[in-house]
Amino acid sequence: MQLHALLNADETHYIQIANQQADLSREVTTVGMMEAPDIIDFLVEGQLLVTTGFHFYQDIPALTSLIQEMHQRKCAAIGIKDQRYFKQIPQEVLAIADELQFPVLLLPKDVGLSVVVRDLLHRLLESQSNALTRIIEHTNKLSTFILEEGHTSLFLEKIATIINKELFLINSHYVVTYTSKNIHVHAQQIGQTLKTSFTQKLLDLSEPLIGMYENHTVAILPINTDFQSDSLFLGILDYEQGNKEATLLLQQIVNLLGFSTLRTLINEEAQRQIKNDLFASIISKKIDASVLAEQLRLQEIDTLTSHKCAILSIHQPSTMQLISYKMVRKVHDYLKWFLDEEQLDYQLVINGEELVFLIPSPDMTRERLHQLQVFLAEQIPTPYTFVIGYSHSDLPLTQTHILVKEASEALTLLTNHPELTLIEYRPKVISELLQLIPASEQASYIEDNLLALLQLENSVEKTELIETLYQYFYHSRAINKVASSLFLHRNTVIYRLKKIEQILGVSLEDPEVRMRLTVAILLLRNHELSLLDFSN
């Protein structure tokens, strides 16, 4: 209750104000009586202190020190008995009080301190009781409206009327989703201005945030739900700090908005889970291809645009400890917020301990994925790290299982190379595929197809013939290109090829022979198996 309202009551009209610059808007929350010198240790914010002045009439500096300390502790006022120990309040005391705009009150000498405290407390408690009654009445009306599933915009209008303020709802991306009708045309401008002026992300806001919009003080109050990425916040124009009744009422309003928002988000979560189950079936190939396109269309999901897929895996130092679903869901919410903030079209799926997301191909860049990793590292500190494998192919969502397979294989490469945290899947070239063959089988295959060449006693001739055979296959049997790459006359190349045919007892015109020799020469070249001993 503000001091001026407390002093204007019938039962407290006998209290006078001693100093001219007193701030009567100070909030009074409690009343105390002082007749002890150590009262400073027991001062609390909002306290109105009454005293006879006995401890100060011979120690004026102690009184000025008390007033200064009360001001520092945001006390409401001090009341001193008039004509008891002070014939009048000393000018130096009033000067300090005026400088601080701290109220000094005069209490009549013929009214006991206990009576003064009684009257002040009675008025204060009555005011608090009336305020609580009003809050309960408003809360009941709003609760009834919420339970009757009243539209959010109508709910905001009712709140705006009750508190006589303009209101809006804003999401964690600084997009204003609803406003009271008088500021509807300013919705976009409010969001843009606040996003520019506030440096803090609304995503993690847990306490009221105060700022400015043009000449208006703006308060942003978090509306608590279990869906962090879909958080909403109540915005209030011309917010008045320190108004206890308004603060308490707003807290009740925020709680009701949380209930209303949660109900909406639960419905949206049910739809999201249906979509999640659909894509989980696609990933595991449990859905028939003939009905897949129709299922996607029913969910209003684009089946024509080419997409890429990324799989995000959550890692921690201890491989013995499982990643909890709570942590997976937390990362999901942050990932969803990031994709929404980037204004991307996406599909996001929880698949066990991994998060699978698909976005249109042009938007799936390495730089953006790296930014995502940095963002997650900022939101979720160590020991967790986030590794991402992503597909190479560009395919419509009807081919999701192929995209997911590529991203999954990319993650396998990350496992083999722990120093990496972000890698794109790339199709294996022939030389990489050949490396998958066990070394003993490679040696056996080379021996079966190239043994006669490898047993030539003239090492120079052996090297020349093997290199010529490799260049022959590499340049797709184009003799002129082989000659150019080896700096030979084309007739020399032809001579060497005929000699190879004679040594191996084959014809290079035979496609089967060429295929076998191509594989053998690649194995020999890539793995330097020519160093092996084929002389026996």
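This structure is a prediction, so every number in the text was calculated from the model and none was measured.
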Working for side-chain contact (heavy atoms from CB on, under 4.5 Å), residues Phe386 and Ile314: CA-CA 5 Å; Phe386 306 94; Ile314 308 168; 4.1 Å; yes

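- Looking at Leu194 and Leu209, their side chains never come closer than 4.5 Å, going by heavy atoms from C-beta outward.
- For the atom pair CZ of Phe338 and CD of Gln371, the computed distance is 5.5 Å after rounding to the nearest 0.5 Å.
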Residues Phe473, Arg514; criterion side-chain contact (heavy atoms from CB on, under 4.5 Å); working and verdict: CA-CA 8 Å; Phe473 293 135; Arg514 290 199 302 271; 4.1 Å; yes

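- Here the CZ atom belonging to Phe233 is positioned 11.0 Å from the OG1 atom belonging to Thr177, to the nearest 0.5 angstrom.
- Taking CD1 from Ile190 and CD1 from Ile183, the interatomic distance works out to 4.0 Å, rounded to the nearest 0.5 Å.
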Residue pair His307, Thr400: steps toward the side-chain contact (heavy atoms from CB on, under 4.5 Å) verdict: CA-CA 9 Å; His307 284 65; Thr400 294; over 6 Å; no

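- Side chains of Glu341 and Phe375 form no contact here, defined as non-hydrogen atoms less than 4.5 Å apart.
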Output side-chain donor-acceptor pairs under 3.5 Å for residues 497-513, partner residues at least two apart or in another chain, one line each.
{"unit_1": "Lys499", "atom_1": "NZ", "unit_2": "Glu461", "atom_2": "OE2", "d": "2.1"}
{"unit_1": "Glu501", "atom_1": "OE2", "unit_2": "Leu508", "atom_2": "N", "d": "2.7"}
{"unit_1": "Ser507", "atom_1": "OG", "unit_2": "Glu509", "atom_2": "N", "d": "3.2"}
{"unit_1": "Glu509", "atom_1": "OE1", "unit_2": "Arg477", "atom_2": "NH2", "d": "3.4"}
{"unit_1": "Asp510", "atom_1": "OD1", "unit_2": "Glu512", "atom_2": "N", "d": "3.0"}

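- Gln442 places no side-chain N or O within 3.5 Å of a backbone atom of Leu523 that could act as its donor or acceptor partner.
- Side-chain N or O atoms of Thr161 include one that pairs as donor or acceptor with a backbone N or O of Glu157 at under 3.5 Å.
- Across Glu406 and His392, no two heavy atoms sit closer than the pair OE1-N, 2.8 Å.
- Residues Ile446 and Leu454 form a side-chain contact, since some pair of their non-hydrogen atoms from C-beta on lies under 4.5 Å apart.
- For the pair Asn449 and Ala520, the tightest heavy-atom approach, listed with the atom from each and the gap, is CB-CB, 3.9 Å.
- Side-chain contact check for Thr305 versus Asp345: every heavy-atom pair is 4.5 Å or farther apart.
- Between Gln379 and Lys330 the shortest side-chain heavy-atom distance does not fall below 4.5 Å.
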Steps toward side-chain contact (heavy atoms from CB on, under 4.5 Å) verdict (Thr492, Leu486): CA-CA 10 Å; Thr492 303; Leu486 295 174; over 6 Å; no

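- In this structure, Leu469 and Ile466 have side chains that are not in contact, with every pair of non-hydrogen atoms separated by 4.5 Å or more.
- Atoms NE2 and CD1, on His370 and Ile388 in that order, are 10.0 Å from each other to the nearest 0.5 Å.
- The list of ring pair (Phe, Tyr, Trp, His ring centres under 6.0 Å) pairs with a residue in residues 438-472, not counting sequence neighbours, reads Tyr470-Tyr474.
- Nearest approach of Pro396 to Thr303, heavy atoms of both residues: CB-O, 3.4 Å.
- The two residues Ala310 and Leu369 come nearest to each other via the heavy atoms CB-CD2, 4.4 Å.
- Checking side-chain atoms of Ser180 against main-chain N and O of Leu167 turns up a donor-acceptor pair under 3.5 Å.
- The two residues Leu422 and Arg366 come nearest to each other via the heavy atoms O-NH2, 2.9 Å.
- A donor-acceptor pair under 3.5 Å is formed between the side chain of Ser197 and the backbone N or O of Thr193.
- A distance-only check finds a donor-acceptor pair linking the side chain of Thr463 to the backbone of Ser459 [under 3.5 Å].
- Sparse packing is recorded around CG of Asn164, with 12 or fewer heavy atoms of other residues, nucleotides or ligands lying under 6.0 Å away.
- The side-chain heavy atoms of Asp394 and Met364, taken from C-beta on, include no pair separated by under 4.5 Å.
- The pair Arg496-Glu464 meets the salt-bridge criterion, with a side-chain N (NZ, NE, NH1 or NH2) lying under 4.0 Å from an Asp/Glu carboxylate O.
- Between Ile170 and Gly191, the shortest heavy-atom contact is CD1-CA, 4.3 Å.
- A side-chain donor-acceptor contact under 3.5 Å links Ser391 to the backbone of Cys309.
- Contact check for Phe168 versus Val218: side-chain heavy atoms found under the 4.5 Å cut-off.
- Panel note: side chain Lys165, backbone Asp238; a donor-acceptor pair is recorded below 3.5 Å.
- Distance CG/Leu411 to CD1/Ile311: 5.5 Å, rounded to 0.5 Å.
- Distance alone, capped at 3.5 Å, places no donor-acceptor pair between the Gln471 side chain and the Ser485 backbone.
- A donor-acceptor pair under 3.5 Å links the side-chain atoms of His489 to the main chain of Asn491, judged by distance alone.
- Note that CG of Leu355 and OH of Tyr334 are 14.0 Å apart. Values are rounded to the nearest 0.5 Å.
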